[in-house]
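What follows is a set of notes on a single structure, which appears directly below.
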Amino acid sequence: DALSYLHTHGMVHGKIKPANIRAVGDELKLSGEGVRSIGDPKEPTESDDAYNSPESASGALSPNSDIWSLGMTLVEALTNRLPAWDRTADNDPRLPENVPQPFADIAKHCLSRDPDRRWSTTEIRTRLEREPIERKDAAKQKPSEVGKAQELSTPAPRKSVSSPEERETVVERPLAIGKRRGCLVGAAVVVALAVI
């Protein structure tokens with residue numbers, strides 16, 4: 001939301017990175033340091049680090065530069081490391097394999113070397129909103145439809161059960177539970193970044 005506001009008002013942040021995101025009580029705040037008009041030159045004292053977009057070396061900042069920085073920050077927040085990237089090469093940064101969806105998709109589209117191919121804040125919001133809608137659609141199904149869907153996705157039960165213990169055994173899918181928890185944690189991070 002903060003980046004959308006800045007970009008629609010002809011401004012860029014210019015310094016999106018973890019050091020400029022602060023937790024104050026229950027809120028996350030983005031520092032105002034570095035905010036300037038689109039196209040204003042970069043300050044001469046600013047160093048070239050991984051959070052700076054490839055085109056920032058030319059000096060001018062754009063909303064696409066903020067999107068690059070957001071992608072780098074998102075990956076680092078989720079994995080505790082930055083994507084592998086060689087500034088001198090022509091390829092896009094390589095994302096760690098453990099970035100959960102939808103954040104891997106968002107980061108991939110934020111970290112394109114070509115600034116015109118990077119997603120806008122609107123496209124990022126659309127991708128984030130698509131995930132909860134898919135879950136809500138499943139919740140709106142009638143109980144009979146949910147039961148049918150579960151029958152189709154689970155293998156047929158065994159015909160013979162030798163003991164009462166086997167009949168009462170509940171099998172949980174740990175992978176599905178782990179993915180759900182990972183998505184919730186990731187969603188919390190993205191929501192926090194969006195609030196900023």
Side-chain angles (χ1 to χ4, degrees), residues 1-8 12-23 26-30 49-56 62-85 91-141 145-146 149-150 152-154 172-196:
D1 288 342
L3 284 180
S4 291
Y5 179 84
L6 288 172
H7 294 170
T8 57
V12 292
H13 187 276
K15 293 186 178 182
I16 302 285
K17 56 184 169 181
N20 290 331
I21 300 171
R22 301 277 185 233
D26 291 342
E27 295 180 330
L28 289 176
K29 297 192 177 202
L30 187 62
D49 58 20
Y51 303 101
N52 291 341
S53 63
E55 70 274 10
S56 70
S62 71
N64 292 333
S65 302
D66 281 345
I67 297 299
W68 172 277
S69 302
L70 177 65
M72 284 293 199
T73 301
L74 177 63
V75 171
E76 187 176 26
L78 293 171
T79 66
N80 290 324
R81 61 189 171 121
L82 290 166
W85 180 54
N91 55 340
D92 295 340
R94 197 175 65 240
L95 300 179
E97 292 180 14
N98 61 339
V99 178
Q101 288 296 349
F103 311 113
D105 194 31
I106 292 168
K108 176 184 160 206
H109 287 91
C110 288
L111 296 174
S112 172
R113 278 191 70 93
D114 179 357
D116 295 330
R117 292 182 49 220
R118 291 183 203 142
W119 276 359
S120 67
T121 54
T122 304
E123 290 169 307
I124 293 170
R125 177 184 300 279
T126 301
R127 180 63 178 100
L128 284 172
E129 289 173 349
R130 190 169 61 195
E131 288 293 315
I133 290 170
E134 290 169 359
R135 284 190 219 115
K136 287 178 189 173
D137 288 344
K140 288 180 183 176
Q141 288 179 342
E145 292 173 345
V146 173
Q150 288 174 344
L152 294 174
S153 66
T154 56
E172 293 184 23
R173 290 184 272 166
L175 184 59
I177 293 168
K179 283 184 179 178
R180 214 172 331 159
R181 285 184 184 149
C183 285
L184 290 174
V185 169
V189 169
V190 170
V191 168
L193 288 173
V195 167
I196 292 168

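Along the sequence shown, residues are numbered consecutively beginning with 1.
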Study note, to complete from the structure: Contacts of H109 meeting ring-ring contact (aromatic ring centres under 6.0 Å, His included) (sequence neighbours excluded), chain-then-number -> W119

Check your understanding: Excluding sequence neighbours, so at least two apart, what forms side-chain contact (heavy atoms from CB on, under 4.5 Å) with T8?
Key -> none

Review point. Heavy-atom distance under 4.5 Å between the side chains of I124 and L3, does that happen here?
Key: no

Practice item. Working to the nearest 0.5 Å, report the span between CD1 of I106 and CG of L78. Key: 9.5 Å

Point to revise | Pairs satisfying side chain to side chain donor-acceptor pair (under 3.5 Å), at least one member in residues 75-85, at least two apart | key: Y51-E76

Review point. Any side-chain heavy atom of P93 sitting closer than 4.5 Å to one from M72?
Key: yes

Review point. Are side-chain heavy atoms of V12 and S65 found at a separation under 4.5 Å?
Key: no

Check your understanding: What pairs with S69 under side-chain hydrogen bond (donor to acceptor under 3.5 Å, both in side chains), at least two apart in sequence or on another chain?
Key -> none

Study note, to complete from the structure: Between the OG atom in S62 and the CD atom in E55, the distance rounded to the nearest 0.5 Å is 5.5 Å

Exercise for review: Go through L128 and F103 one step at a time and tell me if the side-chain contact (heavy atoms from CB on, under 4.5 Å) criterion holds.
Suggested key: CA-CA 8 Å; L128 284 172; F103 311 113; 3.8 Å; yes

Study note, to complete from the structure: Separation between CD1 (I67) and SG (C110), nearest 0.5 Å, reads 5.5 Å

Exercise for review: Mind checking the CG-CZ spacing from D92 to R94? Nearest 0.5 Å is all I need.
Suggested key: 12.0 Å

Review point. Between CG of D66 and OG1 of T73, what distance do you get to the nearest 0.5 Å?
Key: 10.0 Å

Point to revise | Interatomic spacing from CG in L70 to CG in L111 - rounded to 0.5 Å | key: 9.0 Å

Check your understanding: salt bridge (Lys or Arg N to Asp or Glu O under 4.0 Å): which pairs involve residues 98-111, sequence neighbours left out?
Key -> D105-R127

Review point. Does a side-chain heavy-atom distance below 4.5 Å link S53 with N64?
Key: no

Review point. side-chain hydrogen bond (donor to acceptor under 3.5 Å, both in side chains) with S4: which residues, sequence neighbours excluded?
Key: T121

Check your understanding: Which pair of non-hydrogen atoms, one from L95 and one from A104, has the smallest distance, and what is that distance?
Key -> CD1-O, 3.6 Å

Point to revise | Shortest non-hydrogen contact from K29 toward E27 | key: CE-OE1, 3.4 Å

